[in-house]
Amino acid sequence: MSHNDIRLSFEFFPSKTPEGQAKLKTVREELSAFAPEFFSVTYGAGGSTRSNTKNAVLDIQASGQSAAPHLSFGGDSKEDVKALIQEYKDAGIKRLVALRGDMPSGMGGSSQLVYANQLVTFIREEFANDFELEVACYPEIHPEAKSYADDINYLKAKLDAGANSAITQYFYNPDAYFYFIDQCQRAGIDKPIYPGIMPIMNYKNLARFSKACGAEIPRWLAKRLEDFGDDTDSIKAFGIDLATDLCETLLENGAPGLHLYTMNQTEPSATIVKNLGLIPVEE
Ligand code: FAD
């Protein structure tokens, strides 16, 4: 397995502080050594991090790396969303991650969430094929989905609307991914589905976040992590080994690449990629 056969991408969240922004620049420079296809930057669903996302994305793109902004309507007007996408296009950005997002607390009410398939349709109508479009998917099924089959059908709707590929929510059970891929294929989905990998760095935060987003922490894993208590160094080391094994299993069984949720840190992602031997090869 060589680096050139698999697509590697790294995800950041935008920082609000100058220190965080400087750190992100360093992390991005360090992770650039692995020649990722792109760095994506998440988008706060309601205003607070929107300009931070744009600034982070434009910084990455200006550095010569490929940036992929995450994007959702989140209550904005079509004109505003179009203007933002145009700005991205003018900056040379070639890829977007199109999402519905969640309504931030305190908004709700009159605002209506725009489903990701509608955003994909909007981008294709307004910008034709100017962008590669990624969408999100959920091997353990989105928490609001009415059923397993329903969630797959809506993923198909996003891809049929013109998205090029999907990136998964994180998971720790590879069978959930393989079963999901099988079910997607049966539903007629033939576009690549890239596993999203979250190296474990902090159990308490992970447990809280997983509950909200519907990602399962298997019982054996929860028990193992509880044993480490507040020993964050041991959790980190364990998390790196676990993610390395997970990635190995995924790649050996046909996953087309990896999308690493970096949490704006170099070490876990860099060590996993090194462990996997995914060092860029000159062609
Ligand atoms: P959709 O695909 O629109 O689906 C949302 C729900 O509605 C699902 O339950 C689905 O089954 C159902 N559904 C879909 N389409 C329809 C339809 N047309 N009619 C009726 N029901 C439908 N959140 C952020 O706020 N910012 C980010 O940057 C961000 N990045 C992410 C990146 C990845 C790779 C992933 C996996 C998630 C990310 N999220 C992010 C979280 C995401 O915004 C939430 O999970 C959100 O609740 C759903 O977004 P979606 O694009 O998957 O929604």
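Numbering of ligands and ligand atoms starts at 1, following listing order. All heavy atoms count here, side chains included; hydrogens, waters and symmetry mates do not.
- Across all their heavy atoms, F171 and T168 have their closest contact at CE2-OG1, 3.4 Å.
- Not a single heavy atom of V97 lies less than 4.0 angstrom from ligand 1.
- Below 30°, between 30° and 60°, or above 60°: for F122 and F73 the angle between ring planes is above 60°, a perpendicular geometry.
- Ranked by closest heavy atom to atom 18 (N) of ligand 1, the top entry among V120, L71, I141, N117 is N117.
- The backbone N or O of F38 sits nowhere less than 3.5 Å from a side-chain atom of S9 that would complete a donor-acceptor pair.
- For ligand 1, the polar-atom distance check against T42 finds no nitrogen or oxygen pair separated by under 3.5 Å.
- Heavy-atom separations between G196 and ligand 1 are all 4.0 Å or longer.
- Ligand-side atoms of ligand 1 in range of D151: 8 (C), 9 (O), 10 (C), 11 (O), range being under 4.0 angstrom from any heavy atom.
- Of the polar atoms of T168, none of the N or O atoms is found under 3.5 Å from an N or O of ligand 1, judged by distance alone.
- Contact check on K94 versus E132 returns no salt bridge, with no Lys/Arg side-chain nitrogen under 4.0 Å from an Asp/Glu carboxylate oxygen.
- Not a single heavy atom of D150 sits closer than 4.0 Å to an atom of ligand 1.
- Using a 4.0 angstrom heavy-atom cutoff, Y138 counts as in contact with ligand 1.
- Taking only nitrogen or oxygen atoms, main chain and side chain alike, A116 reaches within less than 3.5 Å of ligand 1.
- When L99, V114, N153, V41 are checked for heavy-atom proximity to atom 29 (C) of ligand 1, L99 turns out nearest.
- Annotation: D102 places an N or O atom under 3.5 Å from an N or O atom of ligand 1; distance criterion only.
- The side-chain heavy atoms of Y88 and L96, taken from C-beta on, include a pair separated by under 4.5 Å.
- Contacts between Y115 and ligand 1, counted as non-hydrogen atom pairs separated by less than 4.0 Å, involve both the backbone and the side chain.
- Considering backbone and side-chain N/O atoms, H142 comes within less than 3.5 Å of an N/O atom of ligand 1.
- The residues E226 and K223 are annotated as salt-bridged, a charged nitrogen and a carboxylate oxygen being separated by less than 4.0 angstrom.
- At a 4.0 Å cut-off, not a single heavy atom of Y148 sits close enough to ligand 1 to count as contact.
- Not one N or O on the side chain of N117 forms a donor-acceptor pair closer than 3.5 Å with the backbone of A157.
- In summary, the atoms of ligand 1 found under 4.0 Å from a heavy atom of Q169, numbered by their order in the structure, are 36 (C).
- Taking all heavy atoms of P14, S9, A136, G101 into account, the minimum distance to atom 49 (O) of ligand 1 is reached by G101.
- With a 4.0 Å heavy-atom cut-off, ligand 1 is reached by no atom of Y194.
- Heavy-atom proximity to atom 20 (C) of ligand 1, evaluated over Y261, Y43, Y154, is greatest for Y154.
- The heavy-atom pair separating E216 from E140 by the smallest distance is N-OE1, 2.7 Å.
- Between Y170 and F209, the two ring planes are parallel [angle under 30°; tilted spans 30° to 60°].
- Proximity of Q118 to ligand 1, defined as any heavy-atom pair under 4.0 Å, is not found for any part of the residue.
- Hydrophobic cluster membership is shared by I189 and V120, with clusters built from Ile, Leu, Val, Met, Phe, Trp and Tyr side chains linked at under 4.5 angstrom.
- At distances below 3.5 Å, not a single donor-acceptor pair connects side-chain atoms of R7 with backbone N or O atoms of G257.
- For atom 2 (O) of ligand 1, the candidate residues are H259, K158, R100, E134; the nearest heavy-atom contact is made by K158.
- Between Y154 and Y115, the angle of the ring planes stays under 30°, which puts this pair in the parallel group of the 30/60° scheme.
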